[in-house]
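Only one structure is covered here, and it is reproduced in the block below.
Counting starts at 1 for both ligands and their atoms, following the listed order. If you're wondering where the values come from, they're calculated on a predicted model, not measured in any experiment.
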Amino acid sequence: MWIAKDVASLREYRAKAHGRVALVPTMGALHDGHVSLIKRAHEIGHTVIVSLFVNPTQFAPHEDLEKYPRPFEADVKKCLDAGVDGLFAPTVDAMYPPEVVGCDVNVPELAQVLEGASRPTHFAGVCRVVAKLFNMVKPHAACFGMKDYQQLTILRAMVEDLAFDIQIEACPTIREDDGLAMSSRNVYLEGDQRQHALGLSKALKEAVQMVHTGESDPAIIQQVMKQVMQAHHVAVDYAVIRHAHTLRELDNIDISLSGSIVALVAGKVGNVRLIDNMVIKATP
Ligand code: AMP
């Protein structure tokens, strides 16, 4: 497995890559959710490249950029074990050379709601770094987790509008046995907080159940989701039902819109902000 830390070396390795190249962009601190993306990348590509980069432009000044976990050696081992062909782990200066004038990449219509309401600059940072990674790595396909549902929706829109010739592969959310969605930020959860964090997935399961048993009023479901989270001591940021493609609000829920409804939640457990979602299908 090669490791490139600057763009010139990445391009040398990339030039020798064979067949279809599948990219898995990550911020490191790899867990089984990331590994599932790597597995999918092996299925859809001949060469799998993982990027490891804690992207400063997607963090607001008060967020956890400095303390975000960076277990580089453990990440390298996980990539080796998962049969990754190449690792791109650039420095901040390699990604954002200080002498280069920066560029805005954004999908404002989708980036201001939900996560964007409390993190207004977040998705512009994500779009910019992913666009840069696409131009540096030149993959044929890229794998993203449904765990970050809004991010996936925004990146699909970016790829479509900017005509990147790249297949975007959506991969299901990997969970712990008790339902907690795997996340690099779960390592921050201490003591009872680990139990409290279950409030997110339990609220989503409740929403799925309510839709399947015929509840058609999103406001009622949203209220219940909120209550479930609060009962688990989660400070609710949002608990909503949205159209799965547009992320717009729904007046009422028609289950025949199979797969077109998504329940999304965000909240803080102590100081740890967590997100989760479930797409609601017609049949349980
Ligand atoms: P991150 O390192 O948090 O930026 O995530 C890198 C990629 O892994 C993103 O596409 C995430 O959506 C995806 N990912 C993170 N957690 C999970 C999970 N529990 N299941 C599936 N994919 C995930």
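- For atom 16 (N) of ligand 1, the choice among Met146, Met27, His31, His34 with the nearest heavy atom turns out to be His31.
- Taking every non-hydrogen atom of Pro25 and a distance limit under 4.0 Å, the qualifying atoms of ligand 1 come out as 6 (C), 7 (C).
- Ring planes of Phe59 and Tyr68: perpendicular class, angle over 60° (limits at 30 and 60°).
- In summary, of the residues considered (Leu10, Leu52, Val84, Val76), a side-chain contact (heavy atoms from CB on, under 4.5 Å) with Ile3 occurs for Val76 alone.
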- Check step by step if salt bridge (charged side-chain N to carboxylate O under 4.0 Å, His left out) holds for Arg248 and Glu109. CA-CA 10 Å; Arg248 293 213 179 102; Glu109 200 178 311; 3.2 Å; yes

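- Each of the atoms 16 (N), 17 (C), 18 (C), 19 (N) of ligand 1 lies under 4.0 Å from some heavy atom of Met182.
- Within ligand 1, the atoms closer than 4.0 Å to a non-hydrogen atom of Gly145 are 9 (C), 10 (O), 11 (C), 12 (O), 13 (C), 22 (N), numbered from 1 in the order shown.
- With Arg185 as the fixed residue, the salt bridge (charged side-chain N to carboxylate O under 4.0 Å, His left out) test singles out one of Asp276, Asp148, Asp64: Asp64.
- Ring geometry for His233 against His196 counts as tilted: the plane angle lies between 30° and 60°, on a 0 to 90° scale.
- In this structure, atom 20 (N) of ligand 1 lies nearest to the protein heavy atom Ile174 N, 2.8 Å.
- The closest approach between a heavy atom of Pro172 and any atom of ligand 1 is below 4.0 Å.
- Taking the six-membered ring for Trp and thresholds of 30 and 60 degrees, Phe134 and Phe164 have ring planes more than 60 degrees apart, a perpendicular arrangement.
- At a heavy-atom cutoff of 4.0 Å, ligand 1 is contacted by the side chain of Leu37 but not by its backbone.
- Side chain of Asp237 to main chain of Lys268: no donor-acceptor pair is present (N/O by atom type, distance under 3.5 Å, no hydrogens or angles).
- Taking every heavy atom of Phe144 and a limit of under 4.0 angstrom, the matching atoms of ligand 1 come to 10 (O).
- Remark: minimum distance from atom 11 (C) of ligand 1 to any protein heavy atom is reached at Asp148 OD2, 3.0 Å.
- Checked by distance only, ligand 1 and Lys147 stay at 3.5 Å or farther apart across all their nitrogen or oxygen atoms.
- Ring geometry, His243 versus His245: the interplanar angle exceeds 60°, so the pair is classed perpendicular (tilted spans 30 to 60°).
- Neither the backbone nor the side chain of Cys171 has a heavy atom within less than 4.0 Å of ligand 1.
- A heavy-atom separation below 4.0 Å is not found between Arg175 and ligand 1.
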